[in-house]
A.B. asks: 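The structure's right below; bear with me while I get my questions together.
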Amino acid sequence: MNTSPNTEILSLRDVGKRYGNVHALRGVSLSVRQGEITCVLGDNGAGKSTLIKIIAGLHAHTEGTVTVNGEEVTFTSPREALDRGIATVYQDLALVPLMSIWRNFFLGQEVRTGWGPFARLDVKHMVRTTGEELTKMGISVPDLDRPVGALSGGQRQCIAIARAIYFGAKVLILDEPTAALGVKQSGVVLKYVAKARDAGLGVIFITHNPHHAYLVGNHFVILNRGNVSLDSSRADITLDRLTNEMAGGAELEALSHELSAVTAATDAN
Amino acid sequence: MNTSPNTEILSLRDVGKRYGNVHALRGVSLSVRQGEITCVLGDNGAGKSTLIKIIAGLHAHTEGTVTVNGEEVTFTSPREALDRGIATVYQDLALVPLMSIWRNFFLGQEVRTGWGPFARLDVKHMVRTTGEELTKMGISVPDLDRPVGALSGGQRQCIAIARAIYFGAKVLILDEPTAALGVKQSGVVLKYVAKARDAGLGVIFITHNPHHAYLVGNHFVILNRGNVSLDSSRADITLDRLTNEMAGGAELEALSHELSAVTAATDAN
Amino acid sequence: MSAPLTPTTHAGGAATSADDRVRTRPLLSVVLSRPEIGSLIGAVALFVLFLVVAPTLRSGAALLTVLYSSSTIGIMAVSVALLMIGGEFDLSAGVAVTTASLTASMVAYQLHLNVWVGVLVALVLALAVGLFNGWLLVRTGLPSFIITLGSFFMLTGLNLGVTKVVTGGVSSPTISDMDGFASAKAFFDYTLPIGNGLRIPILFWVALVAVATWILLRTRVGNWVFASGGDPAAARAVGVPVKATKIGLFMAVGFTAWLLGMHNLFAYSNAQSGNGVGNELYYIIAAVVGGCLMTGGYGSAIGAAIGALIYGVVTNGIVYAGWQADWNRLFLGAMLVVATIVNLVVKNQAAKR
Amino acid sequence: MSAPLTPTTHAGGAATSADDRVRTRPLLSVVLSRPEIGSLIGAVALFVLFLVVAPTLRSGAALLTVLYSSSTIGIMAVSVALLMIGGEFDLSAGVAVTTASLTASMVAYQLHLNVWVGVLVALVLALAVGLFNGWLLVRTGLPSFIITLGSFFMLTGLNLGVTKVVTGGVSSPTISDMDGFASAKAFFDYTLPIGNGLRIPILFWVALVAVATWILLRTRVGNWVFASGGDPAAARAVGVPVKATKIGLFMAVGFTAWLLGMHNLFAYSNAQSGNGVGNELYYIIAAVVGGCLMTGGYGSAIGAAIGALIYGVVTNGIVYAGWQADWNRLFLGAMLVVATIVNLVVKNQAAKR
Amino acid sequence: QDSGDSDSGGQAASTPKYKITLVTHASAGDTFWDIVRKGAEAAAKKDNIELQYVNNDNASQQATLIQNAVDAKVDGIAVTMPNVGPLTSAIANAQAAKIPVIGLNAGYNDWKEQKLIGYFGQDESIAGQAGGQRLAQEGAKKVLCVIQTQGQSQLEDRCKAITTGLGSAGSVENIYVNGTDAAATQSTITAKLQQDQSIDHVITLGAPIALIAVDSIKEAGSSAKLATFDTNGELVAAVKDGSVEWAIDQQPYLQGYEAVDSLWLYLTNANTIGGGEAVLTGPAFIDSSNIDAVSEYAKAGTR
Ligand SMILES: Nc1ncnc2c1ncn2[C@@H]1O[C@H](COP(=O)(O)OP(=O)(O)OP(=O)(O)O)[C@@H](O)[C@H]1O
Ligand SMILES: Nc1ncnc2c1ncn2[C@@H]1O[C@H](COP(=O)(O)OP(=O)(O)OP(=O)(O)O)[C@@H](O)[C@H]1O
Ligand SMILES: [Mg+2]
Ligand SMILES: [Mg+2]
């Protein structure tokens with residue numbers, strides 16, 4: 001277990017989760033500290049999304065304890081997690097396809113103007129803010145009134161990320177945010193993540209890209225078939241070892257060798 | 001325009017596509033040759049998915065011509081493309097969440113046994129084949145009768161890829177296949193793509209990862225806001241230049257500089 | 001089955017950065033892509049048709065009849081449309097109207113109370129029925145079709161059984177000579193001295209449509225309704241109180257059922273326990289014809305109003321045209337399909353621009 | 001609202017590689033997760049309840065009455081369930097049955113033909129109605145609710161109008177003395193000498209359920225049905241002929257409407273032109289109670305059969321129990337909700353294992 | 001006598017062509033109402049009247065239909081009033097527009113209060129009581145009254161009146177069936193007869209339901225006797241062969257015919273019929289003794 005001078009915002013002790021007959025997560029312990037980025041890595045189906053869905057309040061854990069700011073919690077809805085300043089970007093997006101971009105951006109956190117029964121949506125403000133935030137992320141979305149369903153995969157992902165960053169107050173959780181993104185947009189997201197950290201947020205960053213992880217992470221947790229197989233701070237690990245641990249070491253060696261052989265053969269064409 | 005000794009299977013001339021008031025694709029020309037991999041790269045929303053949806057028969061193009069094996073075509077349904085041996089992995093997956101894994105694998109290409117009105121699904125064969133193909137991809141799916149909706153993002157992606165590779169006869173189209181995949185699985189997919197090429201298929205490979213692209217590609221096409229901004233064969237381009245072209249050169253330089261500065265600052269903590 | 005896109009088209013829509021691929025859409029096309037515009041054009045087409053074939057329709061009196069007849073469907077169609085946008089159905093909406101009428105009249109009559117007390121008790125009961133439907137829905141996670149089918153049967157049974165037990169017959173006693181009847185009638189069944197008399201449900205209807213449109217497009221709750229119907233899982237994930245929203249929508253249906261029930265009661269002085277059965281379908285029809293998606297997440301209150309209007313124009317228009325009663329359902333069916341195809345053609349034209 | 005998962009659970013299920021996270025599911029739990037098992041348990045519970053409270057039900061004759069009554073809903077529920085799994089509705093299913101009866105009797109009577117000719121013409125017409133519904137659906141992309149609502153009204157109008165024009169009355173003439181009536185009756189209204197007489201619709205029903213189950217689970221078309229309802233865009237993308245599948249499903253509804261229509265005709269010798277209206281809802285109820293998802297992609301023919309059985313057991317059981325007729329709808333509603341909650345509890349228990 | 005839709009009606013009257021609307025609470029495709037309509041059409045033809053027939057079984061829709069006729073400025077309206085409440089204001093509107101309104105079939109208790117110019121029909125309670133008395137004479141102990149539309153007051157009234165007529169001789173039990181589904185109707189009646197073996201008489205409230213009940217009695221192996229309200233072509237045959245004992249006839253043809261004809265008389269000559277009282281068209285019993293007199297007309301669809 002790593003130690004750090006920063007305050008612990010969120011911690012998990014021996015957390016487990018069953019889906020019917022599948023024991024997707026077993027005895028996972030993890031802590032998120034102010035101003036630090038915890039990277040969660042692991043194979044497909046290792047349980048990463050399950051882990052963050054528990055923290056985000058989307059699923060309830062079936063074993064262990066989750067503590068936020070020293071208080072033990074079992075979230076029964078994402079609203080509770082949001083109210084504690086935990087904002088999440090889900091892998092399966094969580095945007096409503098038929099709704100417009102700006103409505104999606106502010107969904108559940110609508111800004112209102114006027115008072116009492118006459119309180120109404122501050123549409124102007126929301127449209128402007130959405131536009132600004134998206135421009136900052138470097139993506140061009142022509143018309144903020146268009147339904148999200150008509151956007152490209154990467155554009156949708158950017159909206160989800162921009163929203164979480166905009167509303168994240170204490171903890172920011174990102175599940176493979178850069179998967180669908182181009183090189184430029186990925187860079188922007190990484191920069192944002194680093195900025196959020198510097199602003200004192202605790203960040204959980206899930207990715208399959210060890211380069212991305214190593215570029216920003218303070219701690220690295222590797223999940224393997226629902227168990228934590230590695231938990232290390234940045235100081236104790238190198239990029240190479242991280243990559244190896246992620247992919248199952250020797251196996252990868254052989255593969256990359258094989259691949260370059262194949263490519264070499266083609267290049268000789 | 002590149003030249004190559006291999007036979008051209010598929011070619012696009014000045015193809016364009018409008019979605020209502022959005023002109024998503026304009027004057028795109030491209031050719032896919034036997035035994036070669038054409039990588040299509042570009043920013044989010046550049047029109048890559050639109051391009052491959054036209055080739056796959058999901059959308060009809062509104063301008064230009066598409067030629068398959070020297071014959072001009074306008075696909076009105078994906079069936080027609082499939083019948084010409086064009087298999088596709090869509091970015092938005094195209095699996096039916098409520099159906100079981102093996103049914104999804106063979107959907108639209110069911111294997112039957114028996115004859116006439118008594119022809120029935122060869123369930124045993126299909127279950128076995130699905131299991132084998134997924135094992136080859138290195139993912140572990142416990143129960144092939146489980147609905148696809150209960151799988152992790154990466155597991156679903158693997159099924160879509162395994163299916164396309166299994167059924168691809170002449171042309172294989174992959175839209176960001178490795179986006180949701182782990183290092184190991186990505187390696188496997190790249191190996192598969194290379195194998196398909198060696199077996200004489202024409203491959204269109206869309207990715208945001210220039211490393212992946214450069215590892216296997218023979219030709220590189222970069223889309224920028226619906227236009228082709230670069231079309232080059234492997235011999236004429238380096239990985240660095242490719243990365244630069246993809247991300248918009250100078251812009252990226254500045255960004256990566258900035259990022260490493262940020263990280264360095266944190267490391268100093 | 002391409003779902004229409006764009007729940008909202010008002011307001012800003014400032015681009016994040018100029019993109020030369022995008023043409024500004026001509027105003028006409030923006031207007032044409034509103035969910036209700038297709039049905040509006042369908043309604044106008046039908047109206048013109050009947051103006052031509054049915055001279056009687058050209059009189060003010062006939063127009064008021066059509067409006068009144070539309071309003072008795074339209075009042076309920078508003079809340080049913082909201083519920084449908086929120087992703088649910090209410091098959092008990094038709095009989096709930098009768099339940100409200102029966103409750104108000106029997107409470108007042110049997111307990112010898114002022115009629116207004118009955119009216120209030122009926123309001124509480126109507127809201128409670130909505131609450132029960134919504135609560136059972138979110139509690140069990142069963143489809144609303146089943147839940148409200150159950151409450152449809154139960155309410156039908158209660159309407160008949162209770163009325164029979166209490167009054168010995170199948171209709172509630174006449175309350176026209178009771179305290180408060182005159183004032184309640186003056187409110188729920190007022191007739192404005194405009195033309196041949198403009199009956200107040202028409203105003204209720206217009207007011208409800210205005211309020212519902214405001215809620216849908218300009219309030220937080222409206223946003224939640226669209227999200228709860230469009231993708232409940234996603235909505236929940238970003239903190240929308242999906243369950244509360246759905247319960248609220250069912251209660252809104254209860255409220256309009258009460259309003260219409262009170263109008264019926266004071267217009268007719270008594271209530272028949274077997275009434276209302278089957279009307280729920282007309283409410284759903286109005287909503288769907290007006291452009292609401294049965295799968296939720298898309299639609300408008302104005303559209304539902306236009307759907308109700310189409311229904312009123314066609315059913316009355318057929319009578320005014322003097323067409324053979326035997327065939328009127330054939331005409332009704334044909335017009336329904338035609339109106340919706342016009343709707344579709346308009347949408348497609350709009351999408352192409 | 002979490003959609004139940006797993007359309008199929010038979011066959012292999014070999015794991016791709018051993019995973020220590022997965023327990024083999026106990027057989028009980030695998031069985032419990034079948035789509036129809038919940039409703040089966042609901043049906044059994046209701047049946048036991050009525051066996052206790054209604055002694056008459058314990059006789060063979062009463063069981064046969066319940067079965068017959070269920071079969072007249074069940075025959076249609078099979079095809080309506082398939083259609084619902086394929087993602088569509090058919091509101092014209094109820095009147096289409098009457099259309100088939102009327103066509104067969106009037107064609108034979110007016111043209112003085114052998115009754116079998118009328119039967120065949122009715123088959124062609126019933127299939128044509130299905131084809132029309134399906135064609136209009138795929139051609140316009142309108143929701144099937146609207147399309148079939150239109151054809152519901154049109155068929156209702158045609159049933160009345162044409163009958164009136166042809167016969168001068170509202171029911172078709174009695175054909176019991178015409179050529180071929182005896183043989184047609186012997187087929188469509190045969191009574192097997194089992195117990196008090198087992199009427200042939202029960203066998204039709206069983207056969208249809210068996211065939212539909214086979215098609216759903218063991219043929220290519222069945223796969224297409226699940227895919228067309230579960231995610232039409234995805235299905236189309238992998239080459240499933242979604243449009244043809246949907247048209248085929250509408251024609252299947254036409255076929256069962258014909259079958260039931262012929263039974264009704266030969267059991268009662270003539271057909272009333274106003275009949276059948278409203279029955280489409282009972283078919284849909286049977287399918288939904290039997291576990292079909294209204295949104296498509298999930299369900300089973302056996303489930304729909306159990307849904308029809310629940311309907312038959314409850315409606316007749318209430319009579320056998322001798323309960324006050326005034327309250328029968330209340331009981332019906334309560335039982336419907338109870339049966340579905342039992343279903344749900346079973347599902348949740350199964351998911352937990 | 002004019003026989004319905006055949007063109008043996010002879011010369012039409014030479015009075016001006018009046019427009020009359022007949023508004024009923026019939027549900028579509030009901031044989032009883034078809035006979036009412038035929039009577040009305042026959043009178044219309046004779047009197048040179050342009051008749052519009054409209055119907056809806058929903059009371060408020062029926063009110064709208066009356067209002068439609070007022071808007072269309074017809075010359076007369078004939079209306080059935082099973083549930084007078086919703087119709088009141090529309091009828092008042094008609095009268096305010098100086099359109100004469102006449103009642104038929106349903107509304108025996110209300111027509112005077114509504115100031116209609118006349119009423120043709122039977123008093124449901126008299127008809128029901130007569131039926132009940134006859135059942136008592138025949139020794140009925142347990143009667144099953146089959147209602148085909150739950151909650152319809154006219155039908156409920158009939159069953160109630162049968163109870164009154166039967167008096168202490170026996171008891172009546174009501175049952176509700178789905179009138180638009182023959183198979184469901186048959187099963188429900190069968191089930192009831194299986195459940196209660198003591199039922200010795202079944203009375204249905206419409207001719208098509210009676211014909212289905214014949215099958216139910218057979219299937220349930222019951223020895224119950226069957227009687228019904230109203231007639232049609234097939235029912236006459238059933239009375240002949242004894243499977244239906246008798247039918248209470250209210251002469252629907254006459255109701256339709258007289259309603260239209262009286263309106264015409266009122267319009268052309270300010271006549272009213274009945275001297276301020278209802279003109280009763282029933283009840284009359286049709287049984288094996290008088291069946292031959294009506295069977296010919298029943299085949300033609302006018303009885
Ligand atoms: N709703 C569910 N029901 C049953 N099993 C589930 C469900 N969701 C996930 N699983 C299973 O739990 C395991 C972990 O899934 P999870 O989505 O957490 O993986 P992941 O690490 O996020 O993978 P990826 O990198 O592919 O996104 C997988 O084996 C998956 O099949
Ligand atoms: N159905 C649609 N209706 C309207 N516009 C669309 C539709 N689909 C895509 N677009 C627009 O077309 C453009 C290209 O989209 P496309 O999905 O091809 O991008 P992409 O290159 O695949 O991006 P990504 O890398 O993010 O997947 C985008 O601006 C997108 O918003
Ligand atoms: Mg994941
Ligand atoms: Mg894309």
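As the structure is a computational prediction, the values presented were derived from the model and not from experiment. In what follows, chains are A, B, ... by sequence order, proteins preceding strands, each numbered from 1.
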A.B. asks: In this structure, are over 12 heavy atoms from other groups packed under 6.0 Å from D/Trp116 atom CH2?
C.D. replies: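 For D/Trp116, atom CH2 is crowded (more than 12 foreign heavy atoms under 6.0 Å).
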A.B. asks: How many angstroms lie between atom OG1 of B/Thr113 and atom CZ of D/Arg218, to the nearest 0.5 angstrom?
C.D. replies: 11.5 Å
A.B. asks: What is the minimum heavy-atom distance between B/Pro78 and D/Arg236, and which atoms define it?
C.D. replies: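 That closest heavy-atom pairing would be CG-O, 3.1 Å.
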A.B. asks: Please state whether the side chain, the backbone, both or neither of B/Arg112 comes within less than 4.5 Å of a heavy atom of chain D.
C.D. replies: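 B/Arg112 touches chain D through side-chain heavy atoms alone.
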A.B. asks: Provide the closest heavy-atom pair for B/Leu98 versus D/Gly296 in the form atom of the first, atom of the second, distance.
C.D. replies: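 Scanning both residues completely, I find the closest heavy atoms to be CD1-O, 3.9 Å.
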A.B. asks: Using the test ring pair (Phe, Tyr, Trp, His ring centres under 6.0 Å), find all partners of D/Phe145 that sit at least two apart in sequence or belong to another chain.
C.D. replies: none
A.B. asks: Do B/Glu110 and D/Thr219 have side-chain heavy atoms sitting under 4.5 Å apart?
C.D. replies: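 Side-chain contact under 4.5 Å: no.
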A.B. asks: Chain D heavy atoms under 4.5 Å from B/Leu82: which part of the residue, side chain, backbone, both or neither?
C.D. replies: side chain
A.B. asks: Looking at D/Phe226 and B/Val96, what are the two nearest heavy atoms and their distance?
C.D. replies: O-CG1, 4.5 Å
A.B. asks: At their closest point, which heavy atom of D/Asn223 faces which heavy atom of B/Arg103, and how far apart are they?
C.D. replies: OD1-NH1, 2.7 Å
A.B. asks: If you count heavy-atom pairs within less than 4.5 Å of chain B, which of D/Asp231, D/Val238, D/Ile215 leads?
C.D. replies: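 Heavy-atom pair counts peak at D/Val238.
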A.B. asks: What closest approach, in Å, do B/Phe118 and D/Trp214 show between heavy atoms, and which atom pair accounts for it?
C.D. replies: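 Where B/Phe118 meets D/Trp214 most closely, the heavy atoms are O-CZ2, 4.1 Å.
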